[in-house]
Amino acid sequence: MAVGTHCPYCALQCAMTLTLQADSTVKVEGREFPTNGGGLCHKGWTSAELLSSPHRLTSPIYTDRQLGSSAPIGWDAAMEMVADRISGIQAKYGPDSVAIFGGGGLTNEKAYSLGKFARIVLGTSKIDYNGRFCMSSAAAASNRSLGMDRGMPFPMTDLAQTEVVLLVGGNVAETMPPFVRHLKAAQANGGKLVVIDPRHTATARLADIHLQPVPGTDMAFALGLLHLVIAEGQVDNDYIATRTTGFEEVRSKAAAFWPERVERITGIPVSDLRRVAMLLGKAERSVIMTARGPEQQSKGVDTVTAFINLALALGLPGRPSSGYACLTGQGNGQGGREHGQKADQLPGYRSISDPAAREHVAAVWGVSAQSLPGPGVSAYKLLDSLGTPDGPKAMLVFGSNPVISAPRAQHVAERMAALELLVVADPFLSETAAMADFVFPVTQFAEEDGTMTNLEGRVIRRRKLMDPPIGVRSDLDLLAGLADRLGKPGKMQTEPDEIFAELGRASAGGTADYSAMSFDTLEGRDGAFWPWRTGEPTDTPRVFVDKFPTKDGRARFIDVIDRPIAEPLDEEFPVYLTTGRILSQYQSGTQTRLVQELVDIEPTPFVEIHPGLAKRHDLTEGDSVKIISRRGEVIGATRITTSIRLDTIFMSFHWSGAGRVNTVTNPALDPISGMPEFKICAVRLERVVTVTVGSEL
Ligand SMILES: Nc1nc2c(c(=O)[nH]1)N[C@H]1C(S)=C(S)[C@@H](COP(=O)(O)OP(=O)(O)OC[C@H]3O[C@@H](n4cnc5c(=O)[nH]c(N)nc54)[C@H](O)[C@@H]3O)O[C@H]1N2
Ligand SMILES: Nc1nc2c(c(=O)[nH]1)N[C@H]1C(S)=C(S)[C@@H](COP(=O)(O)OP(=O)(O)OC[C@H]3O[C@@H](n4cnc5c(=O)[nH]c(N)nc54)[C@H](O)[C@@H]3O)O[C@H]1N2
Ligand code: SF4
Ligand SMILES: [Mo]
């Protein structure tokens, strides 16, 4: 038995063939597909191991906090108890007292169902998800400037014809290794890769030019580039006149970002800034791409906007193999942000505040538009309010592990502990699940059907190979089971193809319109790009070619002003900490910390430190070092490297306990997207002195 499906992890959604073997293990093979060309990374190769992991949960667990005991419990009994508690809490405190926290790794059908469940079964406005921590700044900026948020505006194979790729704060060689083939294809055709990263990463090593700015200064860099292309007369005046609005304001602001000033802010030498501006100015086809580096900042939306302004000035969006792109991160990071698990959103990328959108979706759901709640609050604000007098008293978590991945994580864990009811659905006992009153064991990728939308906006099929272990059910079964017990029987479906059809109807007429797609129309092709509207002959691999989906059909230059990071360095906290990923681990690590082969590659958390900084702290390779911020401290092993700036250290966020970097990160939020400043906070370093037993100390 074999099926063609896609990897459970990142947004590249590499195609793979899974084969169920005689000994019941599952073999993984890379499958030819435009995105991965048959390649997979280490995480993909080992992904099937988790299907038979001894750590898998196979029964719901009920924890009685008063007795301090945990025990397995049947699904029906657990759903009964959860529904009872939800009803009690809502009767006492109102509908908004129950919150939902979703995830960008969930299939479209699950993401859609979560949004629907929140709005029509619970009647709560309090729903948001981990995508808020991921690409929400790029999403908000794209919507504001281009009228649409589709990570890549064209199939990634188009990159082969791109002359200049400017990759800002993305480390794809570690985060999406098979994606590198598209960058190399561009380079093989004479194209240039420019990487902007405070670290000389594996990706930077592939670049023709690597620039190493001070963390948090990307907006000044973008404004500096715009200044130079304007000064050199390299902007596309026809394009600006016919396809955009608002250039004049932006031009006058960029005038203040002369190269020497930009060098002072970013640390990027004037000559390097000029080199990159010249490359972009001369090229016909360029792509400006952002990833989490510039986005996970408290000015992430405006920073991305500054790069979109640059792309528009050069006339890129809509031109072949050109434009602005955001590298989406999670498996269904794109689809997960389109169908309603966002606080302010209804399916099809509609706004929950738009009366017409409410009418449309309410009709599909068979309820009145008046009965739908309004917008809720963004992820960190939601987590921060848990258990407070005005905040939710119960929360249901699907597909996220915020105890590890949220900023100021110790505080978030304390807020969760203050809830009257925490319910977590997860295949494994994540750190968040370990705090829950009820944990429900759910299916993994090879055990379910569905759709995912990859970073190109390509909707692909996840296919079921095998039944889950006894005792394991789908997230969809849990939602339907709870709806039945909460007085809304039959409102929630459990069959992915039926849900996808309903999602299509709900999305019809929206920006992310899936209405012409079905499991049947997706069959026999390499997925389909949204929008694909009912009645249209085909999908839309390339957007913005003739017009932008804005009211006047034009893209908008938005005037943005640079501002400082939220927590500048000072005497007490004199070093920048930046955070991100390593090749062998995935996200909060719930899954990948269970795969021995991956753990063996990097068994423990480490801190990248420049030799000069290490010397100042008397640190040698492998020493334990404590990183202290205003919010707490984290410990890692010293890794001395010249690849990082002298004023900056780096840690990955995949670890728990004393190695959890989010204990120290800053929850300062972008005012528009609600994105926390994961990428920069002020810290100090202390060597950890190990006291050996019997020592004189
Ligand atoms: N191995 C692995 N792959 C993954 C994931 C994973 O956990 N592990 N997660 C997936 C997900 S959800 C996501 S969102 C993507 C993320 O993919 P990426 O964005 O590529 O990953 P990050 O490591 O978070 O950040 C990228 C780079 O930003 C740099 N950076 C830090 N601060 C700044 C700054 O101020 N400016 C600039 N320009 N750069 C800065 C960091 O040094 C880092 O190298 O990866 C996906 N793929
Ligand atoms: N310091 C720092 N923190 C960060 C970041 C950073 O760069 N630096 N990056 C942020 C980013 S970009 C992201 S995306 C977040 C990610 O962080 P999280 O939101 O914690 O994401 P995951 O670790 O992927 O959590 C997914 C959980 O869901 C479970 N799961 C997997 N599939 C399913 C399913 O189908 N159903 C259910 N119910 N559960 C499932 C997994 O076992 C796992 O426990 O972290 C953010 N946190
Ligand atoms: S790059 Fe992403 S999708 Fe591809 S195999 Fe690795 S984790 Fe899976
Ligand atoms: Mo992400």
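Atoms within each ligand, like the ligands themselves, are counted from 1 in listed order.
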Met16 backbone acceptor or donor facing Glu29 side chain under 3.5 Å: no

Nearest neighbour in protein (non-hydrogen) for atom 2 (Fe) of ligand 3: Cys10 SG, 2.3 Å

Distance-only donor-acceptor check, side chains Asp128 and Ser378, under 3.5 Å: no

Proximal atoms of ligand 2 relative to Asn401 (non-hydrogen, under 4.0 Å): 18 (P), 19 (O), 20 (O), 25 (O)

Atom 2 (Fe) of ligand 3 reached by Cys41 (N, O or S, under 2.8 Å): no

Backbone N/O of Ser474 and side chain of Asp477: donor-acceptor pair under 3.5 Å: yes

Residues in contact with ligand 1, criterion: heavy atom under 4.0 Å: Cys10, Lys43, Cys134, Val168, Gly169, Gly170, Asn171, Glu174, Thr175, Ile196, Asp197, Pro198, Arg199, Thr201, Pro215, Gly216, Asp218, Ala291, Arg292, Gly293, Gln297, Gly329, Gln330, Thr578, Gly580, Arg581, Ile582, Leu583, Gln585, Tyr586, Gln587, His654, Lys679

Backbone N/O of Thr5 and side chain of Arg31: donor-acceptor pair under 3.5 Å: yes

Backbone or side-chain N or O of Glu448 under 3.5 Å from ligand 2 N or O: no

Atoms of ligand 2 close to Thr590 [distance to a heavy atom under 4.0 angstrom, numbered from 1]: 42 (O), 43 (C), 44 (O)

Side chain, backbone, both or neither: the part of Ala11 lying under 4.0 Å from ligand 3 by heavy atom: neither

His411 and Tyr380 aromatic ring geometry - parallel, tilted or perpendicular at 30°/60° bounds: tilted

Heavy-atom check, side chain of Leu183 versus side chain of Phe179, under 4.5 Å: yes

Donor on one side chain, acceptor on other, Asn108 and Thr453, under 3.5 Å: yes

N/O/S from His6 sitting under 2.8 Å away from atom 8 (Fe) of ligand 3: no

Side chain, backbone, both or neither: the part of Pro427 lying under 4.0 Å from ligand 2 by heavy atom: side chain

Atoms of ligand 2, numbered as shown, that sit under 4.0 Å from any heavy atom of Ala425: 37 (C), 38 (N), 39 (N)

Contact with ligand 2 for Ile404, non-hydrogen, under 4.0 angstrom: no

Atom indices of ligand 3 within 4.0 angstrom of Gly44 heavy atoms, with elements: 5 (S)

Which of the ligand 3 atoms, numbered from 1, are nearer than 4.0 Å to a heavy atom of Lys43: 7 (S)

Flag for Thr451-Glu109: side-chain donor and acceptor within less than 3.5 Å: yes

Whether Thr328 side chain and Gly151 backbone form a donor-acceptor pair below 3.5 Å: no

Donor-acceptor under 3.5 Å (Gln296 side chain, Phe133 main chain): yes

Polar contact flag for Lys110 and ligand 2 (N/O pairs, less than 3.5 Å): yes

Close-contact set for ligand 2 against Val442 heavy atoms, below 4.0 Å: 36 (N), 37 (C), 38 (N)

Salt bridge flag under 4.0 Å for residues Glu447 and Lys464: no

Polar atom proximity, Ser400 to ligand 2 (N or O, under 3.5 Å): yes

Proximal atoms of ligand 2 relative to Ser430 (non-hydrogen, under 4.0 Å): 44 (O)

Gln13, portion touching ligand 3 at heavy-atom distance under 4.0 Å: backbone

Test item: Arg408 side-chain N/O and Thr663 main-chain N/O as donor-acceptor pair under 3.5 Å: no

Residues Arg563, Asp302: salt bridge by 4.0 Å N-O rule: yes

Subset of ligand 3 atoms that lie under 4.0 Å from at least one heavy atom of Tyr9: 7 (S)

Numbering as shown, the atoms of ligand 3 that approach Cys7 to under 4.0 Å (heavy-atom distance): 3 (S), 5 (S), 7 (S), 8 (Fe)

Contact atoms of ligand 2, heavy-atom distance to Asp475 under 4.0 Å: 34 (C), 35 (O), 36 (N), 37 (C), 38 (N)

Lys/Arg-Asp/Glu bridge criterion (N-O < 4.0 Å) met for Asp218, Lys299: no

Part of Thr107 within contact of ligand 2 (heavy atoms, under 4.0 Å): neither

Close approach, Gln444 and ligand 2, non-hydrogen under 4.0 angstrom: no

Element-labelled atoms of ligand 3 that are located less than 4.0 Å from some non-hydrogen atom of Pro178: 1 (S)

Main-chain N/O of Thr665 paired to Asn662 side chain as donor or acceptor, under 3.5 Å: no

Aromatic centroids of Phe101 and Phe398 separated by under 6.0 Å: no

Metal proximity, Cys14 vs atom 4 (Fe) of ligand 3, N/O/S cut-off 2.8 Å: yes

Salt-bridge contact Arg631-Glu567 (side-chain N to carboxylate O under 4.0 Å): yes

